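Predicted model, so just to flag it, every value in this text is computed and none were measured. Protein chains get the first letters and strands the later ones, always in sequence-line order, with residue 1 at the start of each.
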2 protein chains.
Amino acid sequence: MAIQYKKVSDAVIKRLPRYFRYLAELKEANVQRISSGVLSEKMGLTASQIRQDFSCFGGFGQQGYGYNVESLHSELKKILGVDKGFNTIIIGAGNLGQAIANHSKFEKRGYFLKGIFDLDAKIIGKKINGLEIMNMDSLPDFLRKEKVDIAIITVPREVTAEVADLAASLGIKGIWNFSAMDIKVPDDVVVENVHLSDSIMVLGYRIKNN
Amino acid sequence: MAIQYKKVSDAVIKRLPRYFRYLAELKEANVQRISSGVLSEKMGLTASQIRQDFSCFGGFGQQGYGYNVESLHSELKKILGVDKGFNTIIIGAGNLGQAIANHSKFEKRGYFLKGIFDLDAKIIGKKINGLEIMNMDSLPDFLRKEKVDIAIITVPREVTAEVADLAASLGIKGIWNFSAMDIKVPDDVVVENVHLSDSIMVLGYRIKNN
DNA sequence: AATTCTTGAAATAAAAAGTAAAAAAATATA
DNA sequence: TATATTTTTTTACTTTTTATTTCAAGAATT
């Protein structure tokens with residue numbers, strides 16, 4: 001694990017994927033080095049903020065030179081855990097669950113889909129992106145055999161709590177929650193919410209008040 | 001438009017949909033009134049924060065009584081614009097676009113899908129949730145005829161900027177951006193990002209550092 | 001060798017967010 | 001009706017978080 005001297009602030013953490021995206025772009029464009037000043041213009045941040053952000057994780061830059069794009073990109077990869085990758089399962093093979101399962105980009109970026117589960121007998125057995133939808137009943141056995149880090153929960157509201165509890169009790173480390181509902185699990189399980197309906201409501205509010 | 005004396009902070013705005021959800025639940029359960037204290041326990045916030053949040057938009061409560069669930073819910077509805085609703089279109093009818101189009105909950109909550117557009121000749125004409133996927137070419141005409149507030153952009157990275165510019169130039173007021181890319185549009189267009197890959201990376205980071 | 005860049009770290013400043021508490025208003029109770 | 005209680009509203013305060021500035025030191029370039 002990366003050495004971390006003090007707690008990194010939330011704002012910084014949320015910027016990391018964005019840095020990662022820009023670095024990937026620069027790498028793509030065969031840019032070898034970049035200074036915080038140039039990057040700041042590209043990203044609409046201040047140079048000093050960028051330097052401070054990176055310095056939370058150690059000194060990746062070099063005075064008089066800037067940052068090496070390739071190596072900064074791979075540092076970010078490590079920080080985000082994308083280098084080793086994460087195993088995932090999807091629970092809930094509805095529209096959204098299937099869309100995520102089909103989203104090949106996630107595989108490329110180190111999030112490996114190992115299984116898809118649902119309760120609906122009508123779709124169990126159906127293949128999505130090469131994986132058969134399995135019965136929820138087989139989830140405990142499955143998780144005992146496979147090491148899975150992340151459960152992607154795309155089930156209806158009503159069963160969300162139950163599913164989250166189950167996943168947590170089976171040793172899942174993180175939940176990516178797409179249900180319009182708050183999840184309560186022990187502290188050793190991390191929850192990241194994607195509340196789509198909340199998100200569009202915020203958009204609506206901002207449109208009204210813009 | 002609701003009277004707004006001073007700028008409401010971002011943190012408050014982001015909590016509004018959550019309040020809205022909880023109020024809906026209470027209404028569902030036929031709860032008539034609720035005090036900030038009781039609500040705070042339910043939601044894991046302090047009573048004082050809840051009162052302060054609501055007071056940004058005017059006094060909806062009554063001393064000695066608390067908040068009337070029904071009327072607070074409908075106030076929130078107005079604040080979020082859900083009462084009048086928003087017309088939307090989806091640009092990009094891939095996996096994610098189709099999943100969103102099929103997500104009937106949005107309709108119920110005041111986001112009305114008026115059209116789906118794509119470039120891919122193979123899927124143009126196909127019906128999703130009762131709407132035919134239209135050719136991007138017809139977008140300008142379509143937007144001249146229909147009053148559309150929100151463009152939901154679910155196209156590949158490469159065309160995101162172009163599509164966003166187009167939508168903005170045609171009078172769209174808000175963009176719900178699902179592309180893993182930052183969008184730059186004039187200030188009269190609001191952008192709300194749902195960067196799924198950013199979100200899962202943050203989850204990964206947190207798992208590693210939990 | 002001198003000059004120019006550019007980082008990293010510490011200190012500072014600013015902003016945002018949350019908490020607390022007094023004042024006011026309505027309700028409930030006796 | 002008077003009084004006690006509840007609970008909001010509003011303002012002020014505190015804390016936390018976030019961002020900026022400054023500057024010494026190191027590296028590259030000329």
From the candidates D/dA19, C/dT6, D/dT18, the one with an atom nearest any side-chain atom of A/Arg15 is D/dA19

Nucleotide nearest A/Gln63 (side chain, heavy atoms from C-beta), chosen from C/dT6, D/dA19, D/dT7:
C/dT6

So which of B/Ile153, B/Asn177, B/Ile175 actually passes side-chain contact (heavy atoms from CB on, under 4.5 Å) with B/Asn193?
B/Asn177

Under 4.0 Å from OP1 or OP2 of D/dT8: is there any side-chain N or O of B/Ser36 that close?
yes

Taking only side-chain nitrogens and oxygens of B/Thr46, does any of them come within less than 4.0 Å of OP1 or OP2 of C/dT19?
yes

B/Arg33 side chain: which of D/dT7, C/dG8, D/dT18 is closest?
D/dT7

Between D/dA28 (C1') and A/Gln32 (CD): distance, integer Å:
16 Å

Starting from C1' on C/dG18, measure out to CZ on B/Phe54 and report it in whole angstrom.
16 Å

Please report, rounded to the nearest Å, how far the P atom of D/dT8 is from the CD1 atom of B/Ile50.
9 Å

Using 4.0 Å as the upper bound for N to carboxylate O, is an ion pair formed by B/Asp182 and A/Arg18?
yes

Give a yes/no answer on whether the side chain of B/Arg51 brings an N or O atom under 4.0 Å of OP1 or OP2 in D/dT9.
no

Which nucleotide in the list D/dT8, D/dT10, C/dT6 gets nearest to the side chain of B/Tyr67?
D/dT8

Nearest-nucleotide check on DNA chain D, A/Ser9 vs B/Ser55; residue mapping nearer the 5' end is B/Ser55

Distance in angstrom units between B/Asn68 CG and C/dA25 P, rounded
21 Å

Give the rounded distance in Å between these two atoms: CD of A/Gln52 and C1' of D/dT20.
8 Å

Between B/Ile34 (CD1) and D/dT6 (C1'), how many Å, whole number?
15 Å

A/Tyr67 six-ring centre to A/Arg33 NZ/CZ under 6.0 Å and within 45° of normal:
no

Measure the spacing between OH of A/Tyr22 and CD1 of A/Ile50 and express it to the nearest 0.5 Å.
10.0 Å

Would the number of heavy atoms belonging to other residues, nucleotides or ligands and lying under 6.0 Å from CD of B/Glu162 be above 12?
no

Do the side-chain N or O atoms of A/Gln49 get closer than 4.0 angstrom to the phosphate oxygens (OP1, OP2) of D/dA19?
yes

Look at B/Ser48 and C/dG18 and indicate whether a side-chain polar atom (N or O) is within less than 4.0 Å of OP1 or OP2.
no

Can you find a donor-acceptor N/O pair under 3.5 angstrom joining the side chain of A/Gln62 to the base of C/dT6?
no

Within the 4.0 Å heavy-atom criterion, would you say A/Phe60 contacts the bases, only the backbone, or no part of the nucleic acid?
sugar-phosphate

If I take atom NZ in residue A/Lys7 and atom P in nucleotide D/dT17, what distance separates them, rounded to the nearest angstrom?
7 Å

OP1, OP2 of D/dT9 versus side-chain N and O of B/Tyr65: anything below 4.0 Å?
no

